[in-house]
Amino acid sequence: MKRDFTAITDFSKEEIYAVFDLARELKTKTKSRQEHHLLKGKTLGMIFQKPSNRTRVSFEVGMYQLGGHALYLGPTEIGLGKRESTADVARVLARYVDGIMARVFGHDIIVDFAKYADVPVINGLSDLLHPCQILGDMLTIIEHKGKAKDWTITYLGDGNNIVNSWINLSRLIPMHLKLGVPEGYEPNAELLEQARRIGVSEIQVLHDPVAAARDADVLYTDVWASMGQEAEAEARKNIFRPFAITSEILSRAKANCIVLHCLPAHRGDEISDAVIDGPQSVVFDEAENRLHIQKAILVKLMQ
Ligand code: CP
Ligand code: NVA
């Protein structure tokens, strides 16, 4: 039966660790230019309702490095739900391609793709979740800090798709997740409740950014207004300003704390130049790891 990756929780803990191992192996092969055509002759259809740099390029380059091919289908080509229903797009594409990656607004579109396409479907970001990003982030944290062991991971900013995927990962890998968000910008209540009920990790939602940053092993942030929320961007700046990762906030974390940002960054807003360009920032390693983790996910689902 085909498998999908619509959310981190589609994989078991063992599968996630296996994906990390495969990603490391493929990273070594990529860097030493060893051929690894594990998806020779296979095609990935990539549907984008929103803009992208990292996701689009890393999936496309990843498929090429795996001996396959990727097809970019932007908003004007497909007209999801306008020119044709999502179900019909999924049914048709599945006759041509071996896998589908989609970046969409409503998460229900990803769920529909998985339901109606007979090929694996990968979530390349929805309003609710960004699972590929957070698996790549965890790979980066392990590379820099060693084997996963109950780290304090602090996220400061909006309770968005990035945070919701961190909450999902915390159901599988033990961590102390501290979410510093302004009141009214909390993450998805249902996902939070499920993760707390499962009880693998301690999850705190705090409205005090300094308390959230205290003793963090990892500090993480993201844009204050996600794609689709551009009209709110100016109004959000005042609300989110205290949650910016500045040198002052970083000084509250552990001395060896590393800083992550999924990018694109709005320098001077959610993160200062001094922090993102400073010695504790691993954001470009993090961006690179999107390539390696997604190749491992593609191989797991499409080989
Ligand atoms: N982090 C991330 O998904 O970047 P893009 O929006 O550029 O794909
Ligand atoms: N929360 C951001 C993530 C971008 C990679 C957005 O959805 O726009």
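Hydrogens, waters and symmetry mates play no part in the numbers below; they use all other heavy atoms, side chains included. Residue indices begin at 1 and follow the sequence shown. Each ligand, and each atom within it, is numbered from 1 in the order the structure gives.
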Without hydrogens or angle criteria, can the side chains of Asp215 and Thr152 be said to hold a donor-acceptor pair below 3.5 Å?
-> no
So, Asp112 and Lys115, do they make that salt bridge, N to O below 4.0 Å?
-> no
May I ask you to list the atoms of ligand 1 that are less than 4.0 angstrom from any heavy atom of His130?
-> 2 (C), 3 (O)
Atom 3 (C) of ligand 2: which protein heavy atom is closest, and how many Å away?
-> Asp222 OD2, 3.5 Å
Counting from 1, what ligand 1 atoms have a heavy atom of Cys262 closer than 4.0 Å?
-> 1 (N)
Exercise: do Asn161 and Gln133 side chains pair donor with acceptor under 3.5 Å = no
Going by the order shown, which atoms of ligand 2 are within less than 4.0 Å of some heavy atom of Leu263?
-> 5 (C)
At what distance is the nearest protein heavy atom to atom 4 (O) of ligand 1, and which residue and atom is it?
-> Arg54 NE, 2.7 Å
If you have a sec, work out which protein heavy atom is nearest atom 2 (C) of ligand 1 and how many Å separate them, to one decimal?
-> Arg290 NH1, 3.3 Å
Will you find, in the side chains of His36 and Glu25, an N or O donor that is under 3.5 Å from an N or O acceptor?
-> no
Closest approach of any protein heavy atom to atom 8 (O) of ligand 2, naming residue and atom = Met227 N, 2.8 Å
Can you tell which part of Leu125 has a heavy atom less than 4.0 Å from ligand 1: side chain, backbone, both or neither?
-> neither
Polar contact flag, side-chain donor to acceptor under 3.5 angstrom, Glu248-Thr246 = no
Near Asn160, which atoms of ligand 2 are under 4.0 Å from a heavy atom of that residue?
-> 1 (N)
For Ser226 and ligand 2, does the shortest N/O to N/O distance drop below 3.5 Å?
-> yes
Is the shortest distance from a Lys or Arg side-chain nitrogen in Lys2 or Asp118 to a carboxylate oxygen in the other one below 4.0 Å?
-> no
Judging by distance only, is a nitrogen or oxygen of Leu263 under 3.5 angstrom from one on ligand 1?
-> yes
Nearest to atom 6 (O) of ligand 1 by heavy atom, Lys50, Arg103, Arg56: which?
-> Arg103
Distance filter under 4.0 Å to Asn161 heavy atoms, resulting ligand 2 atoms | 1 (N), 2 (C), 6 (C), 7 (O)
Within 4.0 Å of some non-hydrogen atom of Asn53, the atoms of ligand 1 are 5 (P), 7 (O), 8 (O)
Ion pair Arg196/Glu193, N-O distance below 4.0 Å | no
Under 4.0 Å to a heavy atom of Leu125 - the qualifying atoms of ligand 2, by number | 3 (C), 4 (C), 5 (C), 7 (O)
When you measure from the centre of the six-membered ring of Phe11, is the NZ or CZ of Lys300 under 6.0 Å away and within 45° of the axis?
-> yes
Under 3.5 Å: donor-acceptor pair, side chain of Glu202, backbone of His176 | no
Pair Lys295-Thr30, side-chain donor/acceptor within less than 3.5 Å | yes
